[in-house]
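Because the structure is predicted, anything quoted here is derived from the model rather than measured.
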Protein chains: 2
Amino acid sequence: MSRGTGSGSTSEARARLLGTATRIFYAEGIHSVGVDRIIAEAQVTRATLYRHFSGKEELVLAYLDQADRGIRAQVASAQAEDAPAADRIRAVSRSITEGIRSPGFRGCAFLNAVAEYPDPAHPIHQAVLAHRQWFLDTVTELLAEAGHTPAGAAGRHLVMLRDGAMAEGCLFDPELVSETFLQAVEGLLRARPASTGRK
Amino acid sequence: MSRGTGSGSTSEARARLLGTATRIFYAEGIHSVGVDRIIAEAQVTRATLYRHFSGKEELVLAYLDQADRGIRAQVASAQAEDAPAADRIRAVSRSITEGIRSPGFRGCAFLNAVAEYPDPAHPIHQAVLAHRQWFLDTVTELLAEAGHTPAGAAGRHLVMLRDGAMAEGCLFDPELVSETFLQAVEGLLRARPASTGRK
DNA sequence: GTCACAAGAGACCGAACGTTCTCCCCCGCA
DNA sequence: TGCGGGGGAGAACGTTCGGTCTCTTGTGAC
């Protein structure tokens, strides 16, 4: 049917492939789904997959890269507001709980992926580490701007809360998890609220 | 070699099997290791595996059951001290950081397993949920004893910190993760330290 | 002594895995 | 008009998967 003109420079079949892979990998894991499933649901042939990706691993990396871009965009838009740093942290935290509350939430794509690729030398593992480092740096900078004197410790604390919330989000009641997370973040912000710091 | 008398009622081959499975599943994940690897390293034959377990799934359940018993014992011994509830929470927290700091730490066996078995109806997923419910109940009870009036919220907060710390433990510097976790726990205990409660 | 049974050794199964291959069609472009 | 590339269709590759099978051996209980 609607074949389309195929005008896209990166091809429409590739987009369908990546979209399907993203959906299935996130929902069901990586090792437990074969390329047969993906090409069937993407309505693409085997040859098409291997024309666009060197193999399953590259497809997984593309999946994580897409997730990374999505989260960066989400954090950027939450951070875009012209508001005090503490409020921007609250905005980022709220965007996290929105994810947790959304239907089909299945935890952090990166934590899930790294559970399946424990080898630190593996490209997929390293992609996860790179994403996590970016996130830690981002929230640490934000907390420093908010006046948290040991911003590093506060950043690690916030990331730890986020990791716990993301991991639990699909195991406990998402509403309770979100509420607990936001309260914990408020506690963290309250711990050193001084805008000037007390040195 | 040292064949032993085989006096164990649960057989020595079974113990070797379970021990090997535990080591490999924890270190490398579940889906990515086949039964061939396990029987080879346990030095048993295929038939022996299927004489003691109905299949791979039952072996995984036995692995998680063993991990569950280990953690319950660990928490029980940390809790055994005749000390104030808050100090027993600190003892449990310290036992968690000992795990994180120990060589070969690869995160929470249950969080790792559930990342590979997202289907809530799957027996392995349910085993994880059961373990987590026990842990939540245990720490909530402990926090209630320590005088935290909304003990439920405090328990969820503590479990969230634990989940984050366990997830990060093999992704960041374990020392920093442990330090961050213990400081966060102190902050949590400080939030409502009243032994009588203020109702 | 013999009987039962745990365990070893290894062949074997069908299915699924990731991957490569050939063949053909269709469409834009020169 | 010819050409090339993206895509569809599907056969086939070798490997590994989880699981079942037969046969043999050692050994403790009766």
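- Between A:Glu28 and A:Arg106 there is no salt bridge, since none of the side-chain N atoms of the basic residue sits less than 4.0 Å from a carboxylate O of the acidic one.
- Residues satisfying the salt bridge (Lys or Arg N to Asp or Glu O under 4.0 Å) test with B:Asp137, not counting sequence neighbours, are none.
- On a pure distance criterion of 3.5 Å, no polar donor-acceptor pair joins the side chain of B:Arg46 and the base of C:dG10.
- To the nearest angstrom, P of D:dG6 lies 15 Å from CG of A:Leu49.
- Between the P atom of D:dG10 and the CG atom of A:Asp36 lies a distance of 14 Å, rounded to the nearest Å.
- Among residues two or more places apart in sequence or in another chain, the salt bridge (Lys or Arg N to Asp or Glu O under 4.0 Å) test is passed with B:Asp65 by B:Arg69.
- Taking a 4.0 Å limit (strictly below) on heavy-atom distances, residues 26-35 of chain B reaches DNA chain D at B:Val33, B:Gly34, B:Val35.
- Spacing between atom CZ of A:Arg51 and atom P of C:dT20 amounts to 13 Å, rounded to whole angstrom units.
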Considering only distance and modelled atom types, tabulate donor-acceptor pairs under 3.5 Å from the side chains of residues 176-184 of chain A, sequence neighbours left out.
from: A:Ser178; atom 1: OG; to: A:Pro174; atom 2: O; distance (Å): 2.9
from: A:Thr180; atom 1: OG1; to: A:Leu176; atom 2: O; distance (Å): 2.8
from: A:Thr180; atom 1: OG1; to: B:Arg156; atom 2: NE; distance (Å): 3.2

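- For residues 62-110 of chain B, every residue pair satisfying the ring pair (Phe, Tyr, Trp, His ring centres under 6.0 Å) rule, not counting sequence neighbours, is listed here: B:Phe25-B:Tyr63, B:Phe110-B:His131.
- Between A:Arg37 atom CZ and C:dA15 atom C1' there is a gap of 17 Å when expressed in whole angstrom units.
- With sequence neighbours excluded, no residue forms a side-chain hydrogen bond (donor to acceptor under 3.5 Å, both in side chains) with B:Ser32.
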